[in-house]
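Data block below; observations after.
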2 protein chains.
Amino acid sequence: MGTLRYAILGLLNRKAMTGYDLSKEFQTSLAEFWHAKHSQIYPELKALAEDGLITFQTEITGTVLEKKVYSITEAGKTEFLQWEQSKSKIKRLPKDEFKLRLFFSDSLPKQAQIQLLTDQLQQHEQWLQRLHGDLSKFDTIPPADDAAFSDYLVLLGAISREKSMCDWLQTCIRLCETKTPFTTS
Amino acid sequence: MGTLRYAILGLLNRKAMTGYDLSKEFQTSLAEFWHAKHSQIYPELKALAEDGLITFQTEITGTVLEKKVYSITEAGKTEFLQWEQSKSKIKRLPKDEFKLRLFFSDSLPKQAQIQLLTDQLQQHEQWLQRLHGDLSKFDTIPPADDAAFSDYLVLLGAISREKSMCDWLQTCIRLCETKTPFTTS
DNA sequence: TCCGACATGTAACTGGTTACATGATTTG
DNA sequence: CAAATCATGTAACCAGTTACATGTCGGA
């Protein structure tokens with residue numbers, strides 16, 4: 001629990017940043033597996049500083065605008081590495097509104113049921129295509145000690161997940177279509 | 001939003017139940033894609049009744065104990081079917097603490113990194129095995145208009161997901177092992 | 001008679017989202 | 001000079017978890 005702390009510590013462990021910069025990271029590099037709005041980040045930074053896990057120094061951009069550049073402390077590094085090595089017990093499965101709809105779809109006419117599935121399939125196929133685009137930006141597998149290697153592994157995971165999702169949806173459609181084919185004839 | 005309502009309406013659309021029964025359903029048949037504690041269910045039932053989407057009648061178990069058997073109203077059925085047919089736009093990806101750890105694992109020695117991956121793999125392999133056990137309980141594919149058909153599809157989805165997870169983790173381990181093999185020699 | 005399952009609720013808290021609020025800097 | 005982006009915060013609300021609280025019923 002309190003995972004947001006560790007996401008922030010992990011980022012600050014790489015380099016010093018402002019709350020705004022962190023917010024950008026959550027929208028880009030971490031987007032595939034974690035996210036947080038600035039309204040959650042700023043209070044958490046305050047709490048982390050109070051706990052002595054991070055510090056900040058104020059810098060001036062232009063002539064007036066102040067920004068707080070946060071960096072991790074030794075205590076913060078210790079805390080982070082401890083978390084990083086602790087076991088990730090798999091949590092209760094994430095909620096899935098589509099599967100909920102599908103589960104109850106026996107209350108719909110067959111055509112509507114298939115519509116539900118094809119629509120979902122289309123969305124995941126689109127997503128998968130985007131991910132393949134991201135993958136093609138790597139013209140080589142990054143070295144294992146590079147931070148880009150982690151990016152690469154996470155991307156492979158996303159592709160694997162979307163691929164399996166598409167496969168499953170296609171199976172569902174096939175099963176819906178081949179079963180009870182005589183309802184309207 | 002307010003998805004819990006629809007989960008409850010969907011269950012009550014199949015048959016009348018008490019809050020306790022609903023709670024059991026969330027622990028069993030819906031567990032793969034939705035869950036809710038009784039502390040969330042009882043207030044929601046109250047709200048649904050106030051909105052006229054469900055009603056209840058009090059029954060006596062034994063000599064004293066009262067239980068409220070809830071059933072869906074016509075208004076409730078209308079509301080439910082409307083939701084059931086509405087589009088499931090895929091939401092922002094669910095948070096994944098393991099992937100967060102993996103993302104930052106370049107800060108760990110290679111051995112610890114691999115440990116993280118193999119540990120996770122073992123958990124998912126175990127989960128997959130359990131799901132295969134569930135699948136073997138179906139000796140035939142249920143007919144498409146049967147409620148059990150939905151169970152079957154959802155189960156196939158879970159198996160597909162866990163399979164792809166295991167595949168990906170194995171790929172990660174392989175990549176970690178084959179890259180930079182000369183660090184300790 | 002005791003224990004596990006049946007049965008229903010509330011309160012306090014945590015994590016997260018949306019909306020409110022403000023202002024400076026850079027770029028076209 | 002206008003618009004996009006940089007930059008930081010708070011308040012109100014919603015979903016969900018944990019803990020508190022109570023009591024009955026059926027079977028071993």
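Chain letters run A, B, ... following the sequence lines, proteins first, then strands; residues in each count from 1.
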Closest to the B/Val64 side chain, choosing from D/dT8, C/dT8, D/dT24: D/dT24
Touch class at under 4.0 angstrom, heavy-atom based, for B/Thr63 against every strand present: sugar-phosphate
Distance test, side-chain N/O of A/Lys95 to OP1/OP2 of D/dG16, below 4.0 Å: yes
Between C/dA24 (C1') and A/Tyr20 (OH): distance, integer Å: 12 Å
Gap between atoms CD1 and C1', on B/Ile8 and D/dG16 respectively (whole Å): 13 Å
Nearest-angstrom distance from the residue atom CG of B/Leu65 to C1' of D/dG26: 12 Å
Between D/dG16 (C1') and B/Phe26 (CZ): distance, integer Å: 12 Å
Nucleotide of D/dA19, D/dG16, C/dG16 approaching B/Gln40 most closely (side-chain heavy atoms): D/dG16
Presence of B/Lys68 side-chain N/O under 4.0 Å of C/dG9 phosphate oxygens OP1/OP2: yes
Gap separating the NZ atom of B/Lys24 from the NE2 atom of B/His38, nearest 0.5 angstrom: 12.5 Å
A/Arg161 versus B/Ser164, side-chain donor and acceptor atoms under 3.5 Å: no
Atom-pair distance (CD on A/Glu97; P on D/dG16), nearest Å: 10 Å
Phosphate contact (C/dT18 OP1 or OP2) by A/Lys37 side-chain N/O below 4.0 Å: yes
5' precedence on DNA chain C between B/Glu66 and A/Gly2 (nearest-nucleotide basis): B/Glu66
Spacing of B/Lys91 atom NZ relative to D/dA15 atom C1', expressed in whole Å: 13 Å
Residue-phosphate contact under 4.0 Å: A/Lys24 side-chain N/O, D/dT5 OP1/OP2: no
Interatomic distance where CG belongs to B/Leu4 and P belongs to D/dG16 [whole Å]: 7 Å
B/Glu97 and A/Ser88 side chains, donor-acceptor separation under 3.5 Å: no
Residue whose nearest DNA chain C nucleotide is more 5′ - A/Thr61 or A/Ser39: A/Ser39
Distance below 4.0 Å between A/His35 side-chain N/O and C/dG16 OP1 or OP2: no
Spacing between B/Ile41 atom CD1 and C/dT10 atom P, to the nearest angstrom: 14 Å
Identified side-chain contact (heavy atoms from CB on, under 4.5 Å) counterpart of A/Leu169 within the set A/Gln122, A/Arg174, A/Gln120: A/Gln120
Cationic tip of A/Lys77 above A/Trp83 ring, under 6.0 Å, 45° of axis: no
